Visitor: 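I'd like to ask some things about the structure below.
Remember, it's 1-based here, ligands and their atoms both numbered in the order they're listed. Here the structure is a predicted model, which means the values were calculated and not measured.
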Amino acid sequence: HASSKERTIPARSVSRLPGMSAPVRLRVSRAARIWLRSSCLAVIVSTFAPIFATLAGMADKKQTVIHAVVPSAGRGTRFLPITKSVPKEMLPVVDRPSIEYIVREATDAGIEDVLFVTRAGKQSIEDYFDAEPGLEADLARAGKRAALDSVNEYKQYARVHSVRQGHPLGLGHAIAQAKQHVGDAPCAVLLPDDLMEPGSQLLRKMIQVRAALGGTVVALLKVTPEQATAYASTAVEVLPIPEGVDLEEGQLMRITDVTEKPPLEEVKSEYAVVGRYLLDPAVFTALETIEPGAGGEYQLTDGYARMIDLPEEEGGGLYGVVIDERRFDTGDKLGYLEANVTLALEDPVLGAELKEFLRSKLED
Ligand code: G1P
C-alpha cells in the first residue's frame, strides 16, 4: 500500500517490460515526485522564458525612453552674424549655453543618453559637456570652489554622444542619422531652439502619454493662423485623459492630420507642433522612405505623419500634448532676449538688481 507520502500510479502509464503479465503498480517516492515536477517545470520555463522575455521587452520598449536626440547641425541663419563662428546652441541664456537647458531638461525627465546631431564647426558643444583637467586643477589649486563646481555640473547630466549630419538636408534627415545609435527603441527629440522654462514637466508628461497609449507623441502650442504657417499645423480630436497621465482635460489630442509649414489657407487648427517629440521606432523606418517635402528638405513631420494611419501593433498612433508652460524661441533674436530677461529676473543672485536696472531704464 502506498503510504500517505507515496502515490500509486497505474501501470499503463509506464512501459510494460518484456515478460510482464500482471499489471504492475509503481510506487513513486515523494522525492522522486518533486524531482519529476521540478524537471517538468524546468522544461516549461526554458521553453517559454524567451517568449516571455520578448513580450516583456516589447512592453518595456513601449514605456521606457532613455534616449534623446538633439539636432544641432542648423546654420542659425536667423541669428547671423554671430552664428558665423559661434554655434547658436552655445549662446548664453543668463550664465550658461542654451543647450545646457536642453540637456538638463532631458536628464530631469529620466533620459540617460543624449545624442547631438552636429556638423563641422560645432565641436564647442561636445567640449562643453566634457572634462577639462587643466582648468579643474587650476581652480582647485586656487581654492575657487564655486567656479570648480560650476565647471563640473555637466557630470550630473545624461551622457552625451554625437554623430555628424554632413549635408544639411533637413530635420527628417538629421533625425535619421540617429537610427544606428538609438536602435529599435523609442526616443525623445528636443529641438534646441525651443527652450522650455527650467523645471518643465512637459517631457515627463509626454512619456506618461506614451506609456498609456503607445505610439508617437508631440508637443502642441496654441498659435494664430499666421504663426501656424511657420510650424507643422495639425488637425486634432480631444482625447480623455488616461489614468496615470498628469494632464488636464483638453490637453491631450489625437492628431488626425499634419502639414509642415502650410500656406495660410491650409492651416488646420490653432495647434502647431513645437520641438518636443517622443518617437516610436516606426518613425525611423518611415524616415527611410520619405521624399523631400516643404522647402525641398526631408521633413521629420512627413515621417511621423505616417504614424496616423499605421496600426497600433506596428507602433502607429500620433498624439499631441498641449503645452501649458513657458517656452521661448531662442533661435530668434527677440525670443532669445525674452528668455534672457525672464530667466535673469528669476535668478536668485541677479534678479533683484536687474529688476531695479530695468525699472530705471524704462523710466528714462
Ligand atoms: C521645425 C519643424 C516644425 C516645427 C518647428 C517647431 O521647424 O520642422 O514642424 O513646428 O520646428 O519649432 P523649423 O523651426 O526648424 O523650421
Side-chain angles (χ1 to χ4, degrees), residues 68-80 83 87-89 98-99 101-102 105 116-119 122 165 168-178 188-197 200 202-203 206 216-236 253 255 257-264 266-279 283 286-287 290-308 318-323 325-336 338-339:
V69 179
V70 179
S72 344
R75 291 201 182 283
T77 39
R78 287 191 293 163
F79 229 122
L80 282 167
T83 44
K88 64 177 172 179
E89 296 81 5
S98 60
I99 192 84
Y101 293 83
I102 304 291
E105 180 192 337
F116 298 125
V117 183
T118 73
R119 65 172 171 86
K122 296 254 181 168
Q165 182 194 20
L169 299 178
L171 183 58
H173 177 259
I175 301 304
Q177 308 310 305
V189 171
L190 293 88
L191 304 192
D193 279 357
D194 285 308
L195 182 79
M196 295 303 298
E197 62 179 314
S200 163
L202 174 64
L203 212 49
M206 290 171 68
T216 289
V217 188
V218 303
L220 295 176
L221 182 73
K222 272 191 181 182
V223 295
T224 64
E226 288 71 26
Q227 289 169 330
T229 61
Y231 295 93
S233 174
T234 64
V236 296
M253 306 290 184
I255 296 176
D257 199 1
V258 59
T259 307
E260 178 70 14
K261 302 200 173 62
L264 192 56
E266 284 171 36
V267 166
K268 297 181 186 305
S269 75
E270 58 184 346
Y271 295 106
V273 177
V274 284
R276 295 295 180 274
Y277 310 79
L278 281 188
L279 305 182
V283 175
L287 286 175
I290 58 167
E291 298 290 328
E297 297 188 337
Y298 290 93
Q299 296 291 350
L300 177 60
T301 305
D302 296 339
Y304 66 73
R306 301 251 181 108
M307 302 301 110
I308 294 171
L318 183 62
Y319 307 98
V321 170
V322 181
I323 292 180
E325 296 168 349
R326 287 178 302 176
R327 164 248 176 206
F328 305 95
D329 177 5
T330 54
D332 169 75
K333 289 176 185 173
L334 188 61
Y336 172 80
E338 285 169 3

Visitor: Is the CD atom of Glu291 crowded by more than 12 outside heavy atoms at less than 6.0 Å?
Guide: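 No, the 6.0 Å shell around CD holds no more than 12 heavy atoms from other groups.
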
Visitor: Return the closest protein heavy atom for atom 4 (C) of ligand 1 as residue, atom name and distance.
Guide: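 Of every protein heavy atom, Val273 O, 3.4 Å lies nearest to atom 4 (C) of ligand 1.
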
Visitor: Measure Asp193 to ligand 1 on non-hydrogen atoms and call it side chain, backbone, both or neither using the 4.0 Å cut-off.
Guide: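 Neither part.
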
Visitor: Please list the nearest protein heavy atom to atom 2 (C) of ligand 1 with its residue and the distance rounded to 0.1 Å.
Guide: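 Protein heavy atom with the smallest distance to atom 2 (C) of ligand 1: Glu260 OE2, 3.7 Å.
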
Visitor: Is the contact between Asp329 and ligand 1 made by the side chain, the backbone, both, or neither, using heavy atoms and a 4.0 Å cut-off?
Guide: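 For Asp329, there is no contact with ligand 1 at all, from either part.
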
Visitor: Only heavy atoms of Val274, strictly under 4.0 Å: list the atoms of ligand 1 that pass.
Guide: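 Ligand 1 atoms under the 4.0 Å threshold to Val274: 6 (C).
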
Visitor: What is the closest protein heavy atom to atom 1 (C) of ligand 1, and at what distance does it sit?
Guide: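 Here the nearest protein heavy atom works out to Leu191 CD1, 3.9 Å.
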
Visitor: Does a donor on one side chain and an acceptor on the other come within less than 3.5 Å for Glu325 and Ser200?
Guide: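 Note: Glu325 and Ser200 side chains meet the donor-acceptor criterion.
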
Visitor: Within the structure, does at least one protein heavy atom fall under 4.0 Å of atom 7 (O) of ligand 1?
Guide: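 There is a protein heavy atom less than 4.0 Å from atom 7 (O) of ligand 1.
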
Visitor: Can you check whether Asp194's main-chain N or O pairs, donor with acceptor, with Arg276's side chain at less than 3.5 Å?
Guide: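 Such a contact is found between Arg276 side chain and Asp194 backbone.
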
Visitor: Quick one: does Lys333's side chain have a donor or acceptor within less than 3.5 Å of a partner on Leu80's backbone?
Guide: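 It does hold such a pair.
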
Visitor: Using a 4.0 Å cutoff against the non-hydrogen atoms of Thr301, which atoms of ligand 1 qualify?
Guide: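 Those atoms are 9 (O).
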
Visitor: Is Asp193 close to Arg78 at the side-chain level, that is, under 4.5 Å between some pair of heavy atoms?
Guide: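 The answer is yes, as the side chains (C-beta and beyond) meet within the 4.5 Å cut-off.
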
Visitor: Does ligand 1 have an atom under 4.0 Å from some heavy atom of Leu300?
Guide: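 The answer is no: ligand 1 sits nowhere under 4.0 Å from a heavy atom of Leu300.
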
Visitor: I'd like to check Leu300 versus Leu287 (side-chain heavy atoms, cut-off strictly below 4.5 Å). Are they in contact?
Guide: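 The answer is yes, as the side chains (C-beta and beyond) meet within the 4.5 Å cut-off.
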
Visitor: Would you find a donor on one side and an acceptor on the other, under 3.5 Å apart, between the side chain of Glu89 and the backbone of Ile99?
Guide: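 A pair under 3.5 Å: no.
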
Visitor: Return the option from Glu297, Gln299, Arg78, Lys261 holding the heavy atom at the smallest distance from atom 16 (O) of ligand 1.
Guide: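 Nearest option to atom 16 (O) of ligand 1, by heavy atoms: Lys261.
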
Visitor: Under the 3.5 angstrom rule, does the side chain of Ser233 hit a backbone N or O of Lys268 as a donor-acceptor pair?
Guide: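 Checked: pair present.
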
Visitor: Which of the numbered atoms in ligand 1 are below 4.0 angstrom from a heavy atom of Asp194?
Guide: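 Near Asp194, meaning under 4.0 Å from one of its heavy atoms, ligand 1 has 6 (C), 12 (O).
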
Visitor: Within 4.0 Å of atom 11 (O) of ligand 1 (strictly less), any protein heavy atom?
Guide: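 Yes, there is one.
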
